[in-house]
2 protein chains.
Amino acid sequence: MLPTEKDAGSASMSQVSTSTERANQADVAYGRLKQLILDGTLPAGAQMLEQEAATRLEMSRTPVREAMVRLRQEGMVEIRPRHGMRVLPISASDMAEIYAVLTALEGTAAELVAQRGITPRQLAQLRGAVADMQTALERSDLKAWAAADEQFHLHLVRLSGNSRLIQMVGQLWDQAHRARMLTLQLRPTPSNSVKEHADLVDAIAAGDGPRARKVHEDHRRRAGTMLVDLLDRLGLNQL
Amino acid sequence: MLPTEKDAGSASMSQVSTSTERANQADVAYGRLKQLILDGTLPAGAQMLEQEAATRLEMSRTPVREAMVRLRQEGMVEIRPRHGMRVLPISASDMAEIYAVLTALEGTAAELVAQRGITPRQLAQLRGAVADMQTALERSDLKAWAAADEQFHLHLVRLSGNSRLIQMVGQLWDQAHRARMLTLQLRPTPSNSVKEHADLVDAIAAGDGPRARKVHEDHRRRAGTMLVDLLDRLGLNQL
DNA sequence: GCGCGCATTAATGAATGCATTAATTGCGGC
DNA sequence: GCCGCAATTAATGCATTCATTAATGCGCGC
């Protein structure tokens, strides 16, 4: 399940029907609603009734409801009878929670990748993403940096080969996505980013699982702490 | 969200309607179907059509379908058009995957608990579960041991206070539950179990986060390895 | 203006109906 | 008996309908 164009900008690993790749209406609704949330069209706290969504997506309420149930299970929305779905805001404490779990999961992913070993092509992919990050920073293009950063992490987690870990990480990314994008221009320049990622790639290339894990956990922990402090300092509680 | 009687034997943190605690039919269907899976009534590979489930649960297909979608998202079943839902079997490699993620998450939970500190009452709860495990082992009652073990882990993860971590761990527990129960009488006597859990409680009581994490990760890693080896050795691939 | 009670409205959960089509069955030919 | 094809059946996805009831609006009294 690779991201399609529909998922551009998102690390979501959408679940689709098992038997065929023909998208049913529920899948369409899920993808469309999720996109609205991830790209900020539906901001934190926004509500949308089943019938509104159905009208907007030009389908009946049945597939829309299924989509909303799925989004609820992913922690993206809450569903309140007579109020439809409401996009769950992300507070600083949510972010702390997300990053605590992400640190554990991605650290494990890094360790698994190092243990499994990595092909030259895969290594080139990771190094390529690091190079993209460097290029972006030289141009002071934070947006491109974020995209390259995301690409790096996506490759990394995928390489772990643990489907459950991949799914869970994807879910957390989606929950944090909007807040990360909204704070992108507010955060300090990630000047150590390139070095940290490169160190991780080195540890992986050396097959050093414990080191890869530590390097990556430290990286994720620092990023999380930075974001949480930023949200706290700016009093941003509903992103 | 505490386990209700309906969830006895399961660590599932079921998601219910937000606004009221009045269970709607979809919630009922979800709980009932999940119970059938967890208690082995619906074994690995078992299929159940929407209409069969609807008939059995004495409701229409609509809430049944929602329940199946939720179970699918939790990794408990797959849904194949015209074949209904099928209970996903757990293989040795699935178990390896589950335990790799559980080790990461529960290790983090242990660290969080130690960092947050713990009340005397909470400490007594954990020690109580350890004592229950000891009592069960003295009686060679593996079933009681498993229940006490599960209670310990449930307390531990809850005490982390990280709702996302709690939900994810619960999901993995549910996926592994049937396989763990089915192999309970096949596995070696968990003779180090009491000591390992007691060591963990000591680390937590001492507020030693890194130590708690390490003790618990080692514990979980060993348990996972033991189970995976057991499944491999016995050629059990569809539990 | 405010609060309360009643009437009305609308959103949902669930049931039902329908169109689509995958799966099964039956038949004929070899 | 086996295979292929056509007909039939049945499971699903989806749309529509209906009953329930929470939410809203309105009117009245203070």
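Because only heavy atoms are used, hydrogens play no part in the values below, and waters and symmetry mates are left out as well, while side chains stay in.
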Any side-chain donor paired with an acceptor under 3.5 Å for B/Glu150 and B/Trp145?
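On atom types as modelled, these side chains do not qualify, holding no pair under 3.5 Å.
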NZ/NE/NH1/NH2 to OD/OE distance under 4.0 Å, B/Glu66 and B/Arg72
no
Going by the salt bridge (charged side-chain N to carboxylate O under 4.0 Å, His left out) test, which pairs reach into residues 176-187 of chain B, not counting sequence neighbours?
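Checked against salt bridge (charged side-chain N to carboxylate O under 4.0 Å, His left out) - neighbours excluded - the pairs reaching residues 176-187 of chain B are B/Asp149-B/Arg180.
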Taking only residues at least two apart or on different chains, which pairs with a member in residues 226-239 of chain B satisfy salt bridge (charged side-chain N to carboxylate O under 4.0 Å, His left out)?
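Those involving residues 226-239 of chain B do not exist here.
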Using a 3.5 Å distance criterion without hydrogens, assess whether the side chain of A/Arg70 forms a donor-acceptor pair with backbone atoms of A/Tyr30.
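No, the answer is negative, given that no donor and acceptor are paired below the 3.5 Å cut-off.
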For the pair made of [atom1] in [X] and [atom2] in [N], what is the distance, rounded to whole Å?
| X | N | atom1 | atom2 | answer |
| --- | --- | --- | --- | --- |
| B/Arg65 | D/dT12 | CZ | P | 8 Å |
| B/Gln51 | D/dT9 | CD | P | 18 Å |
| B/Arg80 | C/dA22 | CZ | P | 13 Å |
| A/Arg86 | C/dT12 | CZ | C1' | 19 Å |
| B/Leu57 | C/dG13 | CG | C1' | 16 Å |
| B/Leu49 | C/dT24 | CG | C1' | 14 Å |
| B/Gln47 | D/dA11 | CD | P | 12 Å |

Could a donor-acceptor pair under 3.5 angstrom be found where the side chain of A/Arg82 meets the base of D/dT21?
yes
Plane angle bin for B/Phe152 and B/His197 - parallel if under 30°, tilted between 30 and 60°, otherwise perpendicular
perpendicular
Protein-nucleotides 14-18 of chain C N/O pairs closer than 3.5 Å?
from, atom 1, to, atom 2, distance (Å)
C/dA14, OP1, B/Gln25, N, 2.1
C/dA14, OP2, B/Ala26, N, 3.4
C/dA15, OP2, B/Ser60, N, 2.6
C/dA15, OP2, B/Ser60, OG, 2.2
C/dA15, O5', B/Ser60, OG, 3.4
C/dA15, N7, B/Thr62, OG1, 2.7

